[in-house]
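Values below: every heavy atom of this structure, side chains too, minus hydrogens, waters and symmetry copies. As the structure is a computational prediction, the values presented were derived from the model and not from experiment.
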Amino acid sequence: MQDAPVHLVIESGIARLTLNRPKALNALNSALFTELARMLDDLEGQADLRAVLITGEGEKAFVAGADIAEMRDKTPDEAHAFARQALTTIKRLERLPVPVVALVNGFCLGGGCELALACDWAVASDNAVFGQPEVLLGVIPGFGGTQRLPRRIGPAMALDLITTGRKIDAQEALRIGLVNQVMSQAELEQYAETLAKQLNVNGPKAVRSAKQAVHDGMDQDLDSALALETSLFALGFAGSEQKEGMAAFLEKRKPNF
């Protein structure tokens, strides 16, 4: 369905979610979150999934923000319900067991930046622009920005961006750790293929366990997090993946996961 607000394509274990409201610069509204939640129903049941990429339709915007026209006349209760819908859906994306990567093409502002922050890492085109400009509208970030941004780049820099509402380019986003890589738009389009090649030589269960260890360990004290890592490491020896990976190493061949 070309008019659907989100498109999903899965190829070689790599799922690509495309936010499809280009005339509105892919602004986030209730209908988009409803469709994204439906797509997540499918992805959560994919046993052979290797990674999820999320991007925006067109070259102008990943997501330019939440839909101001939809939000303008909301009551506090309606705004709360909208934020809860957004947070619940974004949290589901964040908690997928495989790496989730934002391909940021163009504007990544407000809710768009919050969506990218819920991804495990972000790769940006060299024309990308980032920011949390909600204070310019008389509100604060409502989709996780006040919590995920300081966890990603530190509280001082996060408060700088959130309280001033200033925008930064891709190179500054790279410098402060908001994104992992910056590349041309053409290279960004090829990133799915590059990532697929990298992940297809890795043990898929090991990748999932690595993500679990990092995410769950961040919410624990160091000793508890290290115990979690040890348990997940040991569990890797319970299946065929570890045996194949280590045998391939000793036999100087590529593993067949």
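With hydrogens and angles disregarded, no donor-acceptor distance shorter than 3.5 Å links the side chain of S224 to the backbone of Q220. Using modelled atom types, no side-chain atom of D160 and backbone atom of A156 make a donor-acceptor pair closer than 3.5 Å. Between the side chain of R148 and the main chain of A118, no donor-acceptor pair closer than 3.5 Å is present. The backbone N or O of F257 lies less than 3.5 Å from no partner atom in the side chain of E244, so there is not a single donor-acceptor pair. At distances below 3.5 Å, at least one donor-acceptor pair connects side-chain atoms of R151 with backbone N or O atoms of Q147.
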Would you check, one step at a time, whether the test side chain to side chain donor-acceptor pair (under 3.5 Å) holds for T55 with N105? CA-CA 7 Å; T55 192; N105 47 323; 3.1 Å; yes

Take L161 and K167, measure what side-chain contact (heavy atoms from CB on, under 4.5 Å) needs, and give me the verdict at the end. CA-CA 7 Å; L161 296 180; K167 301 176 182 65; over 6 Å; no

Using the side-chain contact (heavy atoms from CB on, under 4.5 Å) rule, take T18 and L53 through it: C-alpha gap first, then chi angles, then the decisive distance, then the call. CA-CA 8 Å; T18 302; L53 308 180; over 6 Å; no

Determine, stepwise, if the pair N127 / S125 fulfils side chain to side chain donor-acceptor pair (under 3.5 Å). CA-CA 5 Å; N127 71 328; S125 63; 2.4 Å; yes

Run the side-chain contact (heavy atoms from CB on, under 4.5 Å) check on K243 and F237 step by step: do they pass? CA-CA 7 Å; K243 292 177 177 59; F237 288 75; 5.9 Å; no

Under the criterion side-chain contact (heavy atoms from CB on, under 4.5 Å), I'd like the reasoning laid out for T75 against E78: C-alpha separation, chi angles, the key distance, then a yes or no. CA-CA 5 Å; T75 66; E78 290 168 340; 3.3 Å; yes

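Crowding of R72 atom CZ: a count of heavy atoms from other residues, nucleotides or ligands under 6.0 Å not exceeding 12. Around the CD atom of E229, the shell of radius 6.0 Å holds no more than 12 heavy atoms that belong to other residues, nucleotides or ligands. More than 12 heavy-atom neighbours from other residues, nucleotides or ligands sit within 6.0 angstrom of CD on E251. Counting non-hydrogen atoms of other residues, nucleotides and ligands closer than 6.0 Å to CZ of R166 gives a total above 12.
Inter-residue side-chain proximity for D126 and S184 is flagged as met; some heavy-atom pair is nearer than 4.5 Å. Counting heavy atoms from C-beta outward, L17 and L93 have side chains that approach closer than 4.5 Å. When side chains are defined from C-beta on, L115 counts as touching L19, because their heavy atoms get closer than 4.5 Å. When side chains are defined from C-beta on, F82 counts as touching E70, because their heavy atoms get closer than 4.5 Å. Contact check for V104 versus F130: side-chain heavy atoms found under the 4.5 Å cut-off. Within the 4.5 Å cutoff, the side chain of D120 has heavy atoms near those of the H215 side chain. Side-chain contact check for T146 versus P141: some heavy-atom pair is nearer than 4.5 Å. In this structure the side chain of V129 never reaches within 4.5 angstrom of the side chain of I168, judged on heavy atoms.
The hydrophobic cluster containing V100 also contains L149, counting ILVMFWY residues as joined when their side-chain heavy atoms lie under 4.5 angstrom apart, directly or transitively. Under the 4.5 Å side-chain contact rule for hydrophobic residues, L109 and L103 do not share a cluster. Cluster annotation: V179 is connected to I54 through the hydrophobic network of ILVMFWY side chains, with a link wherever side-chain heavy atoms come within less than 4.5 Å. Grouping the Ile, Leu, Val, Met, Phe, Trp and Tyr side chains by contacts below 4.5 angstrom, directly or via other members, places L49 apart from I14. Both L8 and L96 are part of a single hydrophobic cluster, where members link through side-chain heavy atoms under 4.5 Å apart.
The shortest heavy-atom contact between Q242 and G236 is CB-O, 3.0 Å. Between V6 and L36 the shortest heavy-atom distance is CG2-N, 4.0 Å. Here the closest non-hydrogen pair linking L232 and S209 is CD1-O, 3.7 Å. Looking at every heavy atom in both residues, Q132 comes nearest to C113 through OE1-CB, 3.3 Å. For the pair A248 and K254, the tightest heavy-atom approach, listed with the atom from each and the gap, is CB-C, 4.0 Å. Considering every non-hydrogen atom in both G145 and P150, the closest pair reads O-CD, 3.6 Å.
Sequence neighbours left out, the pairs with a member in residues 184-210 that pass salt bridge (charged side-chain N to carboxylate O under 4.0 Å, His left out) are R16-E189, E193-K197. Sequence neighbours left out, the pairs with a member in residues 44-61 that pass salt bridge (charged side-chain N to carboxylate O under 4.0 Å, His left out) are E44-R92.
The ring of F33 has its center closer than 6.0 angstrom to the ring center of F143.
Rounding to the nearest 0.5 Å places CE of M183 at 10.0 Å from CG of L174. The structure places CG of D67 at 9.0 Å from OG of S30, a figure rounded to the nearest 0.5 Å. Note that OG1 of T194 and CD of Q190 are 7.0 Å apart. Values are rounded to the nearest 0.5 Å. E35 contributes atom CD, which lies 11.0 Å from atom CG of N29 (distance to the nearest 0.5 angstrom). One finds the CD atom of E134 at 8.0 Å from the CD1 atom of I162 (value rounded to the nearest 0.5 Å). Annotation: the span from C108 atom SG to N26 atom CG amounts to 11.0 Å, rounded to 0.5 Å.
The pair D216-K211 does not count as a salt bridge, with every side-chain nitrogen at least 4.0 angstrom from each carboxylate oxygen.
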